[in-house]
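Okay, structure first, notes after.
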Amino acid sequence: DGGITQSPKYLFRKEGQNVTLSCEQNLNHDAMYWYRQDPGQGLRLIYYSQIVNDFQKGDIAEGYSVSREKKESFPLTVTSAQKNPTAFYLCASGPRPGELFFGEGSRLTVL
Amino acid sequence: GQSLEQPSEVTAVEGAIVQINCTYQTSGFYGLSWYQQHDGGAPTFLSYNALDGLEETGRFSSFLSRSDSYGYLLLQELQMKDSASYFCAVRTSGNTPLVFGKGTRLSVIA
């Protein structure tokens, strides 16, 4: 079945560690996105990519990095520079900007 | 800046109708989307309005008034499974990502 796969679903990190969240899609979408969601909050954009080998910063890119080497893959690295990384991370892709398909999310907790 | 305003919480009775409003102030406007998210789950796309008027999809309808910078999501014949958070999101230009509101938590009670 077509869809977006995020892994891991749950992740624990010690302070000072970098972690990488995986996002893979087989929907053949050009555009992919990373959003962060905090309790009771909306989705805030971290990074997005509209084509392979190109990506742009979103509203809260500081402390995060991404790559887009393949159309299907858009991994997100949460670096030690991100001061408050505990959150629910959502990856999405879409055929059109108004319509996004989301993965099941990755919940990151800093110990 | 961009701002989207929607009520934080709404409670409605099973079988009733509920309307969730969204007003926006954005630098540009191409369309308004709505998403549903159950606790712990992923948001799922419900609707997208680019033009004024009402769009109906089953029990859900979405309305847009561009002149008023306002839209709403209408849920009819409410069911317990409709208890979830609902987000409006604005497409501000042709290629930029959606800007999301903070969401409305809908509780359906018996």
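A note on names: the letters A, B, ... follow the listed sequences, proteins ahead of strands, and every chain is numbered from 1. Excluded from the calculations below are hydrogen atoms, water molecules and symmetry mates; all remaining heavy atoms, backbone and side chain alike, are included.
Hydrophobic clustering (ILVMFWY, side-chain heavy atoms < 4.5 Å, transitive): A:Val66 and A:Tyr89 are in one cluster. Cluster annotation: B:Phe60 and B:Met80 are assigned to the same hydrophobic cluster (Ile/Leu/Val/Met/Phe/Trp/Tyr, side-chain heavy-atom contacts under 4.5 Å, transitive). The cluster map of Ile, Leu, Val, Met, Phe, Trp and Tyr, joined by side-chain heavy atoms under 4.5 Å apart, puts B:Phe29 and B:Trp34 in the same cluster. Linking ILVMFWY side-chain heavy atoms closer than 4.5 Å, directly or via other members, places B:Ile20 and B:Leu46 in a single hydrophobic cluster. Hydrophobic clustering places A:Leu43 together with A:Tyr33 (ILVMFWY residues linked when any side-chain heavy atoms are closer than 4.5 Å, directly or through intermediates).
Heavy atoms closer than 4.5 Å to chain B are found in the side chain of A:Phe88, but not in its backbone. Both the backbone and the side chain of A:Leu100 come within contact range of chain B, with heavy atoms under 4.5 Å apart. Only the side chain of A:Arg107 comes within less than 4.5 Å of a heavy atom of chain B; its backbone N, CA, C and O stay farther away. In this structure, the portion of A:Gln37 lying under 4.5 Å from any heavy atom of chain B is its side chain and not its backbone. Residue contact with chain A, scored on non-hydrogen atoms closer than 4.5 Å, involves the side chain of B:Tyr35 exclusively. Looking at A:Leu90, only its side chain comes within 4.5 Å of chain B, counting heavy atoms on both sides. No part of B:Gln6 comes within reach of chain A, as not one of its non-hydrogen atoms sits under 4.5 angstrom from that chain.
Listed options B:Gly31, B:Ser33, B:Pro97, B:Gly103 were ranked by heavy-atom pairs under 4.5 angstrom with chain A; first place goes to B:Pro97. Comparing A:Gly94, A:Gly42, A:Gly105 by how many heavy-atom pairs each has under 4.5 Å with chain B, the most go to A:Gly42.
Closest non-hydrogen pair, A:Phe102 versus B:Ala42, comes out as CB-CB, 4.0 Å.
Residues of residues 46-60 of chain A lying under 4.5 angstrom from chain B, judged on non-hydrogen atoms, are A:Tyr48, A:Gln50 in numerical order.
A centroid separation of less than 6.0 Å is found between the aromatic rings of A:Tyr35 and B:Phe100.
The environment of B:Gln2 atom CD is dense: over 12 non-hydrogen atoms of other residues, nucleotides or ligands sit within 6.0 angstrom. With a 6.0 Å radius and a threshold of 12 heavy atoms from other residues, nucleotides or ligands, B:Arg105 has its CZ atom at or below the threshold. Within a 6.0 Å sphere centred on NZ of B:Lys102, heavy atoms belonging to other residues, nucleotides or ligands number 12 at most. The local environment of CD in A:Gln41 is crowded, with over 12 non-hydrogen atoms from other residues, nucleotides or ligands closer than 6.0 Å.
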Given the rule in the side chain to side chain contact (heavy atoms under 4.5 Å, CB included) test, do B:Phe45 and A:Glu99 qualify, once you have shown the distances and angles that lead to the verdict? CA-CA 6 Å; B:Phe45 172 78; A:Glu99 181 179 355; 3.8 Å; yes
